[in-house]
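The basis for the numbers below is simple: all heavy atoms, side chains too, and nothing from hydrogens, waters or symmetry mates. One-based numbering, in listed order, for ligands and for the atoms of each. Here the structure is a predicted model, which means the values were calculated and not measured.
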Amino acid sequence: MKNPIPIKEAWQHCPHCGTSSETRGKHPFDCDECGYAHYFSPCTAVAALIVDALGKILFIVRGKDPGKGKLGLPGGFVDAEESAEEALQREVMEELHLVTGSLQYLASFPNQYAFRGVIIPVTDLFFTVEVQNFDAITAQPEEVDGWTFLPVESVAADSLAFETHQRALQEYRQRRQEVNRSTGNE
Ligand SMILES: [Zn+2]
């Protein structure tokens, strides 16, 4: 299979008038024929840091590429007409069959997602998410190969499918250290 290419290079025709593009690879795409412009703005994805009673974080084992077999935080793309919070609740239910409680925004990082030969830009939004009861945990067939709870300190960067998830874990660890320092629990 060919190496994936950025979406702005894969874009070969104006989607409005069908003219083949002389402006391939440009951002924004700007059609000389009909004036349509396209900005290749990022899609939005969400991911959950779910912490159990022992302070371990819940990871899925990815069942599909990109990153099949690697670890990831539960989550996925936000659908049209859906809030980031709703997307997160839906994805955690779909992937692990867990009901989520309160959500708290943590951080965002730019990511890239290679899918079927094309790379799209993505904004990953990370939330810490409460789950009261893990009894129902079940992996979504085909999408998720399993799950594991790991202490945040013991997650090797190369075991994760996405570098942004590593950055979110670092952010979480830093925040937790700040809280511990301010409450004298270190
Ligand atoms: Zn056009």
Side-chain angles (χ1 to χ4, degrees), residues 1-50 59-97 100 103-129 139-145 157-172:
M1 195 166 146
K2 284 194 292 186
N3 283 337
I5 56 172
I7 187 160
K8 62 185 180 181
E9 285 165 28
W11 198 274
Q12 298 190 12
H13 295 90
C14 172
H16 190 238
C17 72
T19 304
S20 71
S21 166
E22 295 301 319
T23 54
R24 192 185 306 175
K26 293 269 173 60
H27 175 85
F29 166 84
D30 202 347
C31 180
D32 291 337
E33 198 61 34
C34 75
Y36 173 78
H38 192 89
Y39 281 81
F40 304 108
S41 300
C43 295
T44 309
V46 289
L49 274 91
I50 299 170
F59 294 89
I60 60 159
V61 181
R62 293 178 60 84
K64 279 190 172 170
D65 277 326
K68 180 174 163 59
K70 291 203 164 196
L71 299 179
L73 296 165
F77 287 102
V78 180
D79 287 340
E81 300 180 17
E82 184 180 51
S83 71
E85 290 86 349
E86 287 165 348
L88 201 55
Q89 289 161 347
R90 174 180 55 73
E91 288 285 351
V92 172
M93 175 52 74
E94 284 173 6
E95 292 186 343
L96 293 167
H97 208 255
T100 47
L103 315 174
Q104 197 173 14
Y105 177 72
L106 179 69
S108 72
F109 299 104
N111 198 358
Q112 293 194 324
Y113 193 82
F115 186 66
R116 298 191 178 178
V118 175
I119 301 166
I120 58 166
V122 180
T123 304
D124 285 345
L125 307 179
F126 293 89
F127 293 81
T128 54
V129 176
Q140 183 181 16
E142 292 173 24
E143 300 285 328
V144 178
D145 277 351
D158 64 359
S159 65
L160 290 165
F162 299 111
E163 189 244 346
T164 54
H165 290 204
Q166 178 68 13
R167 292 174 73 180
L169 292 170
Q170 278 165 359
E171 181 73 29
Y172 172 77

Using only atom types and a distance under 3.5 Å, with no angle test, would you say the side chain of [X] pairs donor to acceptor with the backbone of [Y]?
X: Glu91; Y: Pro74; result: no
X: Glu9; Y: Pro6; result: no
X: His27; Y: Tyr39; result: yes
X: His165; Y: Gly72; result: no

Using a cut-off of 2.8 Å, how many protein N, O or S atoms sit around the Zn ion (ligand 1)?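 My tally for this metal is 4.
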So, using side chain to side chain contact (heavy atoms under 4.5 Å, CB included) as the criterion, who are the partners of Ala161 when residues are at least two apart?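 Ala161 satisfies side chain to side chain contact (heavy atoms under 4.5 Å, CB included) with Arg62, Lys70 once adjacent residues are dropped.
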Verify the ring-centre separation between Phe162 and Phe109: is it less than 6.0 angstrom?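 No, ring centres 6.0 Å or more apart.
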